Protein chains: 2
Amino acid sequence: MSVTHYEDDARFAAALDRILLLTVMLNDDMNRGLAADGLTPSRTSLLWTLRRIGPCPQKAIAAAMKISPRTVTGLVDGLVATGFVTREPSPADRRAVLVTFTGKGTAAVDSLIEQQREFGRQLFATMPPERLAGLEAGLDDVLATLHALGLRSPF
Amino acid sequence: MSVTHYEDDARFAAALDRILLLTVMLNDDMNRGLAADGLTPSRTSLLWTLRRIGPCPQKAIAAAMKISPRTVTGLVDGLVATGFVTREPSPADRRAVLVTFTGKGTAAVDSLIEQQREFGRQLFATMPPERLAGLEAGLDDVLATLHALGLRSPF
DNA sequence: TCCTCATAGTGAGTCACGCTCACTATCGTA
DNA sequence: TACGATAGTGAGCGTGACTCACTATGAGGA
């Protein structure tokens, strides 16, 4: 099992390098796009989470994003100041607030979804179907391997 | 050309989602690993850059990493304090310093390389060769498309 | 009822990292 | 020599992550 195969190793390393390069490039590109909308990466992540779990107390956002409640306070401060969300009183618990989208916030998230959809078209529309299928199969395999290694999806 | 194909769109979006999920998971995992070595992501990036371009003045590091010279000062401060690099006087220019690996710094980078290689083995060693080939072809296609869209590799 | 413990959120303080602006020291050239 | 360009840093700001201590409120039990 532990016999070393140098050629395979080099091939695996090259494949991993491609994935990591893609990782860096996509991250950079997405963050550039966000700044144009007046959003930071973390605030955008919060909006995305809020869309998924709906209006909720900050505690729930902290749990969903796996960050501290104190950090959520700061992010919500910024999003309130820039008009993407509001803090509404919780009818059930006077200690809690319900973080809620404004119209601007809803529009921003809808815009992000459409941008991502358009980006998907740009990336894949010209790709031969069998190559896309091969890519999807490879990605699924990698994700399954990561899962088996103990890495869990953040969602 | 601009006829909308909803099913294709959904498939493209799903493929992009997979890539972005992989992006997030790999980033998280690598950053977790770094902290164990007493390194932050940015300091690690600097070490990686330094390995690529060799001992050099901070100005060159700033250019290679596309960050400001002032930020490099701070990162090098941290790496000097934790013993990964030293600032050596430049023989050619008394204004400049040469950022240079210590033994600990060299060992840390070698360790990172080996960790990455091992990770590649874990990800791909059990993958059927034709599936790996399909993944590589798909990734190359995506990277080429990104290049055509104007996104450039940071290296 | 009242006391206690748990919970939601925030103030204060810390650290990493990105930035700009102003400054010193040095280089290179006219 | 004198002047403009260059290498690096001090000062200060903004974002975003953390912990710890604190207030206000909720929920039960004695």
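Within every chain, numbering begins at 1; the chains are lettered A, B, ... in the order of the sequence lines, protein sequences first and strands thereafter. Nothing here was measured: the structure is a model prediction, and the numbers come from that model.
At the phosphate of dG26(D), OP1 or OP2 sits under 4.0 Å from a side-chain N or O atom of Arg94(A). For dA17(D), the OP1/OP2 oxygens have no side-chain nitrogen or oxygen of Arg70(A) closer than 4.0 Å. For Ser42(B), a side-chain nitrogen or oxygen approaches OP1 or OP2 of dG18(C) to under 4.0 Å. Contact annotation: Arg87(B) side-chain N/O to dA7(D) OP1/OP2 distance is not under 4.0 Å.
Within 4.0 Å (heavy atoms only), Thr71(A) reaches at least one base atom of the nucleic acid. Contacts of Val97(A) with the nucleic acid, taken as non-hydrogen atoms under 4.0 Å apart, involve only primed sugar atoms and P, OP1 or OP2. Note on Arg43(B): only backbone sugar-phosphate atoms sit closer than 4.0 angstrom, heavy atoms only; bases stay farther off. Within 4.0 Å of Thr73(B), counting heavy atoms only, lies at least one base atom of the nucleic acid.
Computed from coordinates, the Asp28(A) CG to dG18(C) C1' distance equals 13 Å when rounded to whole Å. Asp77(A) places its CG atom 11 Å from the C1' atom of dG11(C), with the value rounded to the nearest Å. Here dT15(D) presents its C1' atom at 13 Å from CE of Met65(A), a figure rounded to the nearest Å. Between the CD atom of Gln58(B) and the P atom of dT6(D) there is a distance of 17 Å, rounded to whole Å. For Asn31(A) and dG16(D), the CG to C1' distance is 13 Å, given to the nearest whole Å. Rounded to an integer number of Å, the gap from Leu39(A) CG to dG16(D) P is 10 Å. A straight line from NZ of Lys59(B) to P of dT26(C) spans 18 Å, rounded to a whole angstrom. One atom, CZ of Arg32(A), and another, P of dG18(C), lie 15 Å apart when rounded to the nearest Å.
Salt-bridge formation is not detected for the pair Asp28(B)/Arg152(A): no Lys NZ or Arg NE/NH1/NH2 atom is positioned less than 4.0 Å from an Asp or Glu carboxylate oxygen. Using a 4.0 Å cut-off between charged side-chain N and carboxylate O, Arg117(B) and Glu114(B) make no salt bridge. Ion pairing of Lys104(B) with Asp37(B) is absent here, as no side-chain N (NZ or NE/NH1/NH2) approaches a carboxylate O to less than 4.0 Å.
With hydrogens and angles ignored, a donor-acceptor pair under 3.5 angstrom links the side chain of Arg95(A) to the base of dT7(C).
You'll find the side chain of Phe84(A) stays beyond 4.5 Å of the side chain of Val76(A), heavy atoms only. Side-chain contact check for Lys59(A) versus Val72(A): every heavy-atom pair is 4.5 Å or farther apart.
Take the nearest nucleotide of DNA chain D for Leu98(B) and for Pro69(A): the residue whose nucleotide is more 5' is Leu98(B).
Comparing dA7(D), dT9(D), dT19(D) by their nearest atom to the side chain of Asp93(B) picks out dA7(D). Here dT15(D) is the nucleotide among dC19(C), dC18(D), dT15(D) with the atom lying nearest to any side-chain atom of Thr40(A).
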